[in-house]
Amino acid sequence: MIHFPPTRAAGQDRLGRFTPRMGRTYAAGRNSDPGPGKRTAVSELSPYVRHRLLTEDELIRAAIGTHGAAGAEKFVQEVFWRTYWKGWLEMRPAIHERYRAGLTAATGVMGHDRALARRVERAWEGRSGIDGFDDWARELVDTGYLHNHARMWFASIWIFTLRLPWELGADFFFRHLLDADPASNTLSWRWVAGLQTRGKTYLARRDNIRDHTYGRFEPEGLSGLAVALEEPALPAPLPLRSLSAPDRCAPTGLLLHGDDVAAIGLETGVDIQALAGLVIDDGRSAPAQVWTAAALGDGVARAGRALGLTGRCLTAGEVAEWARQNGLTQIVTPEAAVGPLRDVLTTLDPALSRVGVRLLSVRRPYDALCWPYATKGFFAFKERIPELLGQMI
């Protein structure tokens, strides 16, 4: 059984053990899934990177430092895929709103279409009768993790064989994955469905699943056709948000959160006088939220030791009182990407303003460097990777 202790120390240990395999081993074996406890060719670092107990910079530096840029090329590209998805959605937030509207609509249909509800529930519970698919559904709920190729197979079967609303499948992943990320999750499901790269779908095939699971699964009855779903045209990219700089002289608190739990390498430019972590209910499963809260607790404790402060975790309703108790007039927080945390911070901002406290998001240098290039498809972004690496390393 996979186990992900929610601490930076555990992430660093996993990173150290996998670094020797970030080169040829990863490139040759990343698409195959021998099953939980046997995945030596993939890192299983995504929960730590998603919440930034580890940073993308750390993974990239470890890979290139050990294998060189050419030897680590495939691993580095996969790290940048996650970055690309986040930057792409930052400039097209309406796509996430489109997904949420679709999810609300599909959930509403389930409320009065009991036949659809039963089909969805059987899929969620791993009772579809499809070999592999049911195993992945149970593995996801039990462990909070799925191999990336299994995620693609699962999404394809959900959409094209079971013919279920893709938004309900994406929500199932979001609720249970420890690495659930609004950008990567939403846009990956869209890609499988033929919405992200218009008309290009991903079809799960029996032989491919058999070969890449080493014969563990060989599902019958899969759809042999993947007709792309349709929607209105994609919006043009918007400029990235312009963020205000903190006042260097103002009494300042640092507010960490589940998108960025540890402030590793975060450049605030101000002296920090108080520290806290923001806990929210983002609609995910209880195990996923407990994991994130524990990771945040670890991050706050580590940041506290570095800053010489004692931090604690708060709900959004407690932040104003925390600011008052510590005499703060501004709070800096790592920028939260499009998703539930951004929504909470957006709501919190005017509430704090009313009591004389500014809430300021700080963009990480890595994001500031990479996100502006996520205006088109990944392959245009990929051409920029050597340039990005030259500025990072």
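Hydrogens, waters and symmetry mates play no part in the numbers below; they use all other heavy atoms, side chains included.
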Is a side-chain N or O of W88 found less than 3.5 angstrom from the main chain of L187, in a donor-acceptor match?
no

Let me check something: do L59 and W85 share a hydrophobic cluster, defined by ILVMFWY side-chain heavy atoms less than 4.5 Å apart, either directly or through other members?
yes

Are the side chain of T104 and the backbone of G102 linked by a donor-acceptor contact shorter than 3.5 Å?
no

Does W322 offer a backbone N or O that forms a donor-acceptor pair with the side chain of N326 under 3.5 Å?
yes

Ion pair R52/D367, N-O distance below 4.0 Å
yes

Contacts under 3.5 angstrom, residues 345-356 side chains, donor-acceptor by atom type, not counting sequence neighbours:
unit_1, atom_1, unit_2, atom_2, d
T346, OG1, R342, O, 2.7
T347, OG1, D343, O, 3.1
S353, OG, D349, O, 3.1

Under a plain distance cut-off of 3.5 Å, with no hydrogens placed, do Q289 and D281 share a side-chain donor-acceptor pair?
yes

Enumerate the residue pairs fulfilling salt bridge (Lys or Arg N to Asp or Glu O under 4.0 Å) with a member in residues 21-30, sequence neighbours excluded, ordered by first and then second residue.
R30-E78

Electrostatic pair R8:E58 at N-O distance under 4.0 angstrom
yes

Heavy-atom donor-acceptor pair, D131 side chain to E218 backbone, under 3.5 Å
yes

Between D57 and R364 (salt bridge meaning N to carboxylate O under 4.0 Å), is one present in this structure?
no

With a 6.0 Å cut-off on ring centres, are W189 and F173 close enough?
yes

Candidate pair I60 and Y366, rule side-chain contact (heavy atoms from CB on, under 4.5 Å), full reasoning:
CA-CA 11 Å; I60 290 169; Y366 174 85; 4.0 Å; yes

State plainly whether the residues R39 and E139 are in salt-bridge range, i.e. N to O under 4.0 Å.
yes

Is it possible for you to check whether R151 lies under 6.0 Å from the centre of the six-membered ring of Y145, through NZ or CZ, and within 45° of that ring's axis?
yes

May I ask you to decide if G253's main-chain N or O and Q330's side chain share a donor-acceptor pair within less than 3.5 Å?
no

Under 30°, 30 to 60°, or over 60°: which ring-plane class applies to F75 and F18, parallel, tilted or perpendicular?
tilted

Could you verify whether a donor N or O on one side chain and an acceptor N or O on the other, from T213 and D33, lie under 3.5 Å apart?
no

Out of curiosity, does L240 fall in the hydrophobic cluster containing F80 (side-chain heavy atoms, cut-off under 4.5 Å, transitive links)?
no

Give a yes or no on whether I264 and L266 share a hydrophobic cluster (residues Ile, Leu, Val, Met, Phe, Trp, Tyr; joining criterion: side-chain heavy atoms under 4.5 Å apart).
no

Mind checking whether F378 and W81 have ring centres under 6.0 Å apart?
yes

Establish whether L309 and V319 are linked, either directly or via other cluster members, by ILVMFWY side-chain heavy-atom contacts under 4.5 Å.
no

Would you call D134 and R127 a salt bridge, using N to O less than 4.0 angstrom?
no

Residues E44 and R14 bridged, charged N to O under 4.0 Å
yes

Which pairs of donor and acceptor atoms, one on a side chain in residues 379-391, lie under 3.5 Å apart (sequence neighbours left out)?
unit_1, atom_1, unit_2, atom_2, d
R384, NH1, E387, OE1, 3.0
E387, OE2, Y373, OH, 3.2

Strictly distance-based, threshold 3.5 Å: is any side-chain N or O of H67 a donor or acceptor partner for the main-chain N or O of T19?
yes

Got a donor-acceptor contact below 3.5 angstrom from the R163 side chain to the W158 backbone?
no

Decide, yes or no, whether a salt bridge links R118 with E121 under the criterion of side-chain N to carboxylate O below 4.0 Å.
no

Distance alone, cut at 3.5 Å: any donor-acceptor contact between the side chains of S184 and R50?
no

Is any side-chain N of the basic residue among E231 and R190 closer than 4.0 Å to the acidic one's carboxylate O?
yes

Would you check if the distance from the ring center of H147 to the ring center of W136 is below 6.0 Å?
no

Examine distances only and state if a side-chain atom of S156 and a backbone atom of A204 form a donor-acceptor pair shorter than 3.5 Å.
yes

With distance as the sole test, does R82 use its side chain to make a donor-acceptor pair with the main-chain N or O of E56 at under 3.5 Å?
no

If you measure from CG on L164 to CZ on F172, what distance do you get to the nearest 0.5 Å?
11.5 Å

Could you label the plane-to-plane angle of the Y99 and H96 rings as parallel, tilted or perpendicular, counting under 30° as parallel and over 60° as perpendicular?
tilted

Do I159 and W153 share a hydrophobic cluster, counting only Ile, Leu, Val, Met, Phe, Trp and Tyr and linking them when any side-chain heavy atoms are less than 4.5 Å apart?
yes

Do side-chain atoms of R363 reach the backbone of L243 as a donor and acceptor pair under 3.5 angstrom?
no

